2 protein chains.
Amino acid sequence: MERKPTVTIIDVAQRAGVSPGTVSNALTGKRPVSPETRERIFRAITELGYQPNLVARSLVNRSSKTIGVVAFGLEFYGPSRTLVGIEQQAADLGYSLLLDLLHRPDSKDVEAVLDELIARRVDGIIWAVHEVGDNRSWINERRLHSLPPVIFLTMEPRPGASIVSTDNRTGARLATQHLIDIGRRNIGIICGPSSWWEVRERLAGWSGALGAAGLESSPPLIIEANWTARSGEDAIKTLLERRPNIDAVFACNDQMALGALRYCHANGRRVPDDLSIVGFDNTPESAYFWPALTTVRQHLAELGRVAVNELHRQIERRGQSKYPVPPVSRVLQPELIVRESSGAKPE
Amino acid sequence: MERKPTVTIIDVAQRAGVSPGTVSNALTGKRPVSPETRERIFRAITELGYQPNLVARSLVNRSSKTIGVVAFGLEFYGPSRTLVGIEQQAADLGYSLLLDLLHRPDSKDVEAVLDELIARRVDGIIWAVHEVGDNRSWINERRLHSLPPVIFLTMEPRPGASIVSTDNRTGARLATQHLIDIGRRNIGIICGPSSWWEVRERLAGWSGALGAAGLESSPPLIIEANWTARSGEDAIKTLLERRPNIDAVFACNDQMALGALRYCHANGRRVPDDLSIVGFDNTPESAYFWPALTTVRQHLAELGRVAVNELHRQIERRGQSKYPVPPVSRVLQPELIVRESSGAKPE
DNA sequence: GAATCTGCTTAAAACGTTTTAAGTTGCGTC
DNA sequence: GACGCAACTTAAAACGTTTTAAGCAGATTC
């Protein structure tokens with residue numbers, strides 16, 4: 001097994017007639033190097049085709065300029081969009097991304113994933129797994145203290161944890177209020193699995209808006225589905241069987257709204273004339289559903305960018321002071337996108 | 001700036017009363033360690049809360065057990081699905097993923113990205129950026145030789161390059177043949193940007209099938225769009241204005257097919273009675289379009305898994321022999337999914 | 001009972017950087 | 001002409017592992 005000799009900073013130093021330390025200074029710019037030396041060094045670098053070794057640098061710096069991202073459900077629009085935002089901001093700030101996927105949101109492999117991130121000495125972690133069931137039970141002050149800074153996406157506030165999330169409750173309230181405003185009075189909701197925190201928040205937003213308007217928000221108007229279009233189709237069927245007089249449905253994502261639309265087409269319910277439908281997420285396709293879907297827009301990429309910025313801030317500050325960085329929370333506001341499926345006149 | 005002393009393999013060794021080398025042996029299992037010693041070592045590890053440092057290990061091993069993934073368009077279904085496949089297989093084989101995103105498929109930052117991957121000493125690279133324009137012009141034997149093994153996704157065969165891709169031409173032929181089989185005779189195509197290699201392949205498949213059946217495949221039947229639903233809507237409009245007698249359209253992805261469906265709804269063209277529509281990709285939503293979309297399924301996650309397997313093979317082999325590993329190509333076959341929008345009886 | 005073998009164990013030398021503390025210049029001051 | 005200073009440079013010591021080559025028991029062989 002032959003090995004082509006790698007060219008190191010030492011070779012460069014020799015060729016340029018200086019010491020390795022000086023080459024390092026020229027490369028990192030952390031200390032001044034005279035123009036002539038600098039010039040000689042860079043000539044040597046190109047002549048030798050030197051490629052710096054970030055692994056070695058990480059070892060001595062004890063920092064890898066890497067952010068670990070733990071995510072779930074990347075094949076869906078929301079998570080993948082957020083990941084794009086994370087990557088953009090990370091790249092802008094000079095970090096690389098180490099990606100770890102959980103295969104179930106309530107996976108028990110959490111410890112293994114954390115150990116790997118620690119072993120690789122990531123500078124910080126973005127936890128982009130939705131809060132489902134007790135999949136956050138591992139979080140406690142002691143465990144967090146043993147980790148680099150962590151930013152959690154979309155989770156219930158918890159002492160000691162930094163969180164960035166969308167205001168799901170407000171989003172659902174906007175959607176529901178819109179339905180009320182256009183005159184709907186019997187408004188059902190198709191939820192995702194109630195083990196998801198986001199779902200409980202949206203449910204609260206829905207019932208809050210209804211309650212404030214003096215309208216009913218009882219269990220028969222609520223049905224749980226599993227985020228897929230298929231489950232949305234089944235759900236609206238059940239809902240309409242239970243309450244044939246329902247005149248509007250708020251679906252907790254666009255896919256389920258699509259399933260609901262399909263059910264209505266197949267069963268002669270006109271949307272929006274007989275029934276208004278509103279979704280959540282504003283997937284790019286939703287504007288081209290038939291009818292075009294009224295929905296709630298989350299700023300997904302922004303969510304990722306904000307998380308990285310906050311993480312960066314915490315990484316820097318932890319390096320400077322020995323006191324723990326106080327956690328912060330940021331909440332992003334969603335907005336209502338009115339299209340055809342709700343029946344309002346598009347302005 | 002205080003520094004909590006990190007516990008190293010040396011501390012473990014001291015506590016267990018052995019040398020660091022032995023601890024390493026116990027940890028990696030590369031050399032035998034007697035049961036008693038082993039036991040003592042692991043006790044010391046848990047007592048001290050030792051966490052191995054993969055950075056140091058990478059430095060001496062000259063291998064980081066990391067795969068660099070360069071991707072584009074993660075917010076779309078295809079790329080993100082493929083990434084999931086990549087991650088799964090990589091995790092199974094013990095690799096971590098370093099993710100780099102290009103913000104445009106024809107980005108010129110290629111060299112910077114490659115330099116970073118080299119600097120971080122990834123063991124291999126998966127190039128998951130679609131072939132667009134001349135964005136692969138950097139590929140040549142000399143450059144490839146200076147890199148760790150690379151697997152390219154979805155690109156035109158090139159000497160010296162290992163490639164994994166879907167057989168786009170066959171996919172388009174399947175779709176078109178299906179339209180012919182159900183009696184359509186004037187079949188248009190909505191392409192993505194013709195700078196994309198995949199698009200040219202699909203176009204070739206479409207015209208091949210038509211030619212074989214003695215049907216027309218002239219330029220007026222071809223229109224270029226940009227993958228979005230909106231562009232699909234515009235495209236079919238133009239197509240129908242040019243050729244009002246068109247009775248079928250093959251759209252190069254499901255989003256554009258959705259736009260086409262919407263146009264038909266809005267303009268009183270019945271699908272599939274007046275016009276058949278077929279898409280490409282089999283996005284999860286496509287089964288819930290109205291009417292449900294006939295489409296071509298790509299095995300996207302499988303694509304990613306196959307790529308990682310092949311990359312792994314090449315990494316291993318390069319380590320063993322000094323001769324360059326011969327490149328290989330793998331082509332995955334897509335399949336036709338018949339639903340309602342084409343008008344065939346679902347079997 | 002010497003020689004050989006087997007199975008662990010170890011000291012020391014990498015791996016490729018950065019950083020620390022100690023020079024070394026040359027230059028202006030008093 | 002000694003001194004202090006500014007501006008670079010440098011030798012050597014980390015950083016936390018793995019690996020190499022040698023060493024050391026005890027068992028086996030002749």
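Keep in mind the model is a prediction, meaning the values are calculated, not measured. Below, chains carry the letters A, B, ... as their sequence lines are ordered, and counting in each starts from 1.
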Check: What side chain to side chain donor-acceptor pair (under 3.5 Å) pairs are there with at least one residue in residues 23-36 of chain A, not counting sequence neighbours?
Finding: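 Residue pairs passing side chain to side chain donor-acceptor pair (under 3.5 Å), neighbours aside: A/S34-A/T37.
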Item checked: DNA chain C-proximal residues of residues 27-38 of chain A, any heavy atom under 4.0 Å ->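 Result for residues 27-38 of chain A: A/T28, A/K30, A/R31, sorted by number.
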I'd like to check the side chain to side chain contact (heavy atoms under 4.5 Å, CB included) partners of [X]; sequence neighbours left out, ordered by chain and number.
X      : value
A/D92  : A/Q89
A/P327 : A/S162
A/R330 : A/V164, A/V306
A/Y50  : A/V7, A/I9, A/V12, A/L27, A/I45, A/P52

Notebook entry, point to check: Taking only residues at least two apart or on different chains, which pairs with a member in residues 11-27 of chain A satisfy salt bridge (Lys or Arg N to Asp or Glu O under 4.0 Å)?
Noted result: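 Passing the test, one end in residues 11-27 of chain A: A/R15-A/E47.
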Next item on the list: May I ask you to say what A/V18 touches in the nucleic acid, namely base, sugar-phosphate or nothing, with a heavy-atom cut-off under 4.0 Å?
Entry: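 If one applies the 4.0 Å heavy-atom cut-off, A/V18 turns out to touch the sugar-phosphate alone, with no base involved.
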Margin query: Report for the helix from C/dG1-D/dC30 to C/dC30-D/dG1: angle between first-end and last-end helix axes, five pairs each, rounded to 10 degrees.
Written below: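 The angle, to the nearest 10 degrees, is 60°.
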Next item on the list: Any pair with a residue in residues 96-115 of chain A that passes ring pair (Phe, Tyr, Trp, His ring centres under 6.0 Å), sequence neighbours left out, goes on the list, sorted by first then second residue, please.
Entry: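 Listed once each, the pairs would be none.
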Margin query: Considering only residues two or more places apart or on different chains, which pairs with a residue in residues 78-99 of chain B satisfy ring pair (Phe, Tyr, Trp, His ring centres under 6.0 Å)?
Written below: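 Residue pairs with at least one partner in residues 78-99 of chain B: B/Y95-B/H312.
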Notebook entry, point to check: Hey, are B/R305 and B/E302 close enough for a salt bridge, meaning a charged N less than 4.0 Å from a carboxylate O?
Noted result: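 Salt bridge flag = yes for B/E302 with B/R305.
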Please tabulate, for the side chains in residues 109-116 of chain A, all donor-acceptor contacts under 3.5 angstrom to protein atoms that are two or more places apart in sequence or on a different chain.
from, atom 1, to, atom 2, distance (Å)
A/D109, OD2, A/S107, OG, 3.4
A/E111, OE1, A/R143, NE, 3.3
A/E111, OE1, A/R143, NH2, 2.7
A/E111, OE2, A/R143, NE, 3.4
A/E116, OE2, A/R120, NE, 3.0
A/E116, OE2, B/S96, OG, 2.3

Check: Where does the chain B footprint on DNA chain C start and end, counting 5' to 3' with a 4.0 Å heavy-atom cut-off?
Finding: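 Nucleotide range in contact with chain B: C/dC8 to C/dG16.
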Note to self: Return whichever of B/T22 or A/P52 has its heavy-atom-nearest nucleotide of DNA chain C closer to the 5' end.
What the structure shows: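 On the 5' side of the pair lies B/T22.
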